[in-house]
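Here is the structure we will look at, set down as structure tokens.
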Amino acid sequence: ERMKVGDLVQATWSDGLVCSGRYVGTRRGYIILIDGDDSEIVCNKDSVSFRVLKRSEEQDIEKNNTCQSACPKEEHEAGR
């Protein structure tokens, strides 16, 4: 199941750890999720399985002004 920016995703590691967060993209080959505390969850796609819990609505992403490239706020505001 392909993840889209803004989807609520459950990540399960091979050792049984389970976390969930919003998918924001891929950086340097790692899947990046943001949890409820705005902390990054960095996932190695080779040792973590993913399940989409809730699909995002494009309107919600625009409404919340979410940076879809997972860039730092300063870069986003500068248009980089």
Side-chain angles (χ1 to χ4, degrees):
E1 187 170 18
R2 185 174 170 96
M3 296 179 286
K4 294 182 180 176
V5 172
D7 286 352
L8 180 61
V9 176
Q10 180 180 41
T12 305
W13 277 257
S14 55
D15 65 359
L17 176 68
V18 177
C19 294
S20 61
R22 296 274 173 196
Y23 173 71
V24 294
T26 303
R27 190 179 323 135
R28 296 184 180 174
Y30 291 91
I31 304 293
I32 309 296
L33 307 177
I34 299 291
D35 69 10
D37 296 326
D38 289 330
S39 297
E40 285 189 348
I41 303 170
V42 180
C43 309
N44 180 338
K45 62 184 177 186
D46 296 324
S47 61
V48 180
S49 61
F50 301 94
R51 182 169 66 103
V52 176
L53 300 175
K54 184 178 178 188
R55 290 277 177 205
S56 70
E57 298 294 329
E58 286 186 37
Q59 303 164 12
D60 291 341
I61 293 171
E62 291 172 11
K63 184 172 126 182
N64 293 328
N65 196 22
T66 301
C67 180
Q68 296 186 9
S69 63
C71 59
K73 186 176 180 180
E74 300 80 29
E75 289 183 19
H76 178 66
E77 291 173 350
R80 293 184 207 152

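Here, residue 1 is the first one in the sequence, and each next residue gets the next number.
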Heavy-atom pair of closest approach, residues Met3 and Arg55
CA-NH1, 4.1 Å

Output side-chain donor-acceptor pairs under 3.5 Å for residues 28-39, partner residues at least two apart or in another chain, one line each.
from, atom 1, to, atom 2, distance (Å)
Asp35, OD1, Asp37, N, 2.9
Asp35, OD1, Asp38, N, 3.2
Asp35, OD1, Ser39, N, 2.9

Show, in sequence, the C-alpha distance, side-chain angles and deciding distance for Val48 and Phe50, and conclude whether the side-chain contact (heavy atoms from CB on, under 4.5 Å) test is met.
CA-CA 7 Å; Val48 180; Phe50 301 94; 3.7 Å; yes

Stepwise, does the side-chain contact (heavy atoms from CB on, under 4.5 Å) test hold for Ser49 with Trp13?
CA-CA 7 Å; Ser49 61; Trp13 277 257; over 6 Å; no

CG of Leu8 to CZ of Arg51, rounded to nearest 0.5 Å, is 9.5 Å

Any chance you could measure Gln10, atom CD, to Thr12, atom OG1, to the nearest 0.5 Å?
4.5 Å

Check: Val5 main-chain N/O paired with Ser56 side-chain donor or acceptor under 3.5 Å
yes

Using a 3.5 Å cut-off and no angle test, enumerate the donor-acceptor pairs between side-chain atoms of residues 17-24 and protein atoms at least two apart in sequence or in another chain.
from, atom 1, to, atom 2, distance (Å)
Arg22, NH1, Gly6, O, 2.8
Tyr23, OH, Thr26, OG1, 3.4

